[in-house]
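This report concerns only the one structure given below.
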Protein chains: 2
Amino acid sequence: MILTQIVNKMVASPQITPTATTTLADRILADLTAEIVEGDLSPGEKLREPDLARRFGTSRGPLRDALRRLESRRLVVTTPNAGARVVSLSHEQLLALYELREALEGQTARLAAERISASELGELERLLDTHAAEIERRNGREYFRQQGDLDFHFRIAKASGNALLYDTLCVDHYQLMRLYRTKFSNRFGRPNRALAEHRRVLDALKDRDGELAELLMRRHIRAARDTIAAEPSTSTTNEHQL
Amino acid sequence: MILTQIVNKMVASPQITPTATTTLADRILADLTAEIVEGDLSPGEKLREPDLARRFGTSRGPLRDALRRLESRRLVVTTPNAGARVVSLSHEQLLALYELREALEGQTARLAAERISASELGELERLLDTHAAEIERRNGREYFRQQGDLDFHFRIAKASGNALLYDTLCVDHYQLMRLYRTKFSNRFGRPNRALAEHRRVLDALKDRDGELAELLMRRHIRAARDTIAAEPSTSTTNEHQL
DNA sequence: CGATCTGTTATTGTTGACAATACATAGCCG
DNA sequence: CGGCTATGTATTGTCAACAATAACAGATCG
């Protein structure tokens, strides 16, 4: 659990080397991100600057900075002169997020098929073996499965060799995906089916078949989207006016 | 006071607000964006906060705010404790931008084919007629052609009915595309070919053929990318250390 | 003569106070 | 009694000064 927190903070502030000088806004960004994604701050909740500043022991300056960066990662919605609130996706907005993923990840898969290295292919293979073992002994820390699943997708994004695609997907929208993924991840049967779909994507990558890799990746994400589309839309309301 | 209440109610209806309350950071953001895109600030140029604040007649607070938002639109790059610089894309990064566009716009075309309204189709048709007339009388304000071309792409993004896709494309990456588009737009023959490609995309939209619309849009953008890939890579260096 | 160390200066990070705006409550008038 | 207005409070926007970090220049030493 400590490990995961460290990982989260590293993900929250990407590109920064371990010993890089960390500013106050960086710390606030990491902490607030964790609180939002882990549910300590509920969707739609008002984020009052004086409160938060007191809570983090800083002034409002760095805090506003962190809020702006959270806004660019779509975890916070700000309206001028009215402050910031934790994001609260409607059912339609959540489906839209999956349509965005479908486009971005389809492209990463296509490009990765052309550019992925042999060692990266090996790492993906080992990752899926780990997932298989994890699913085998059921209930084995669902959280790790989540994390591992995203790992698969993000390694492919990295292997695409397109840093802009990677950033748009894994930096700008990563935590938002995490936030709204928890609710729908382990529908019955989905883990094993997802693993099988991952395997087929990997096979296409090995074959250097970009077209197929994209097709399979898009289907994979659309399957997840369809699972959500079937949900009752009451589960993600947008009526948080607190 | 009454006026402000009216304005507030107008703000309540989302997105379009004629006289929205404009903050200082908003103005700086708009001005700086224009200066960057129009070349008054060269790529790689250092952006010193005291200088800019004096120039805009404000303090550093709103200015830092504007810089952060420019960063999220990828128009400036900031490194902690070292300040901000105007973005300067390498040849590879520019190609990566087109790979991102290909993914996003392919998806917008696919979705728009399912969701676009009859009136939107009519507007697109009229827009392309305007473009044809504009190209007819050559040299007729290249700038307008540029703008009009992007108009076509963005109306499709809007017609996709996916606000997240629209924002990622037309808000987060719009100015960056404008900035690096000027250099390569009117290669000989490209305008007419581009118009023909637009026409075919529109036909696919009319036929409600999402798959074809996506295919054509992706080809269209890849053609533009190939034009750039053929350029000598010296035209976009990354060596601005001024 | 070159490299490293050190002191200086400029720039970024941070802070607390002030001004302007929006929200909530209570009072007023129809 | 209900809706509108006005006042008071809380929150956001803005500012100028202070602290910390990094770039720069000069001097010292090998």
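Below, chain A is the first sequence line, B the second, and so on; all start at residue 1. No experiment lies behind these values; they were computed from the predicted model shown.
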Q: Under the salt bridge (Lys or Arg N to Asp or Glu O under 4.0 Å) rule, collect the residues that match up with B:Asp31, sequence neighbours excluded.
A: none
**Q.** Nearest-angstrom distance from the residue atom CZ of B:Arg60 to P of D:dA19
**A.** 15 Å
Q. Under 4.0 Å between a side-chain N or O of B:Lys46 and OP1 or OP2 of C:dT12?
A. yes
Q) In whole angstroms, how far is the C1' atom of D:dG13 from the CD1 atom of B:Ile28? A) 12 Å
Q.
Expressed as a whole number of angstroms, how long is the span from B:Arg85:CZ to C:dT12:P?
A. 10 Å
(Q) Ignoring hydrogens, what is the shortest heavy-atom contact between A:Arg225 and A:Leu95? Give both atom names and the distance. (A) NE-O, 3.6 Å
Q: Mind running a 4.0 Å heavy-atom check of residues 61-78 of chain B against DNA chain C and sending the residues that fall below it, in number order?
A: B:Arg64
Q.
If I take atom CZ in residue A:Arg27 and atom C1' in nucleotide C:dT14, what distance separates them, rounded to the nearest angstrom?
A. 12 Å
Q. Taking all atoms of both residues into account, what is the closest heavy-atom pair of B:Leu100 and A:Asn162, and its distance?
A. N-ND2, 4.4 Å
Q.
Between B:Glu45 and B:Ser42, do the side chains contain a donor N or O and an acceptor N or O under 3.5 Å apart?
A. yes
Q: Answer yes if the ring centres of A:Phe154 and A:Tyr174 are under 6.0 angstrom apart, and no otherwise.
A: yes
Q: Inspect the contact between B:Arg55 and B:Asp51 and indicate whether a charged nitrogen and a carboxylate oxygen are less than 4.0 angstrom apart.
A: no
Q: Send over the distance from B:Leu47 CG to C:dT12 P, rounded to a whole Å.
A: 9 Å
Q) Does A:Thr23 make a side-chain N or O approach to OP1 or OP2 of C:dT14 shorter than 4.0 Å? A) yes
Q | A:Arg115, CZ atom: more than 12 neighbouring heavy atoms under 6.0 Å | A | yes
Q: Report the residue (A:Asn81 or A:Gly57) whose heavy-atom-nearest nucleotide on DNA chain C is the more 5′ of the two.
A: A:Gly57
Q) Between B:Asp65 and A:Arg68, does at least one N-O distance fall below 4.0 Å, as a salt bridge requires? A) yes
Q: Return the nearest nucleotide to the side chain of B:Ser59; candidates are D:dG13, C:dG13, D:dA16.
A: D:dA16
**Q.** Protein-nucleotide distance (B:Arg48, atom CZ; D:dA22, atom C1'), rounded to Å
**A.** 13 Å
Q: Compare every heavy atom of B:Thr78 with every heavy atom of B:Ala84, then report the nearest pair and how far apart it is.
A: CB-CG2, 3.4 Å
**Q.** Duplex segments of DNA chain D, taken as runs of at least three Watson-Crick or G-U pairs that stay under 3.5 Å
**A.** C:1-30 with D:1-30
Q | A:Glu49, nearest nucleotide to its side chain (from C:dT12, C:dT15, D:dT12) | A | D:dT12
Q) What is the distance from CG of B:Leu52 to P of C:dT11, rounded to the nearest Å? A) 11 Å
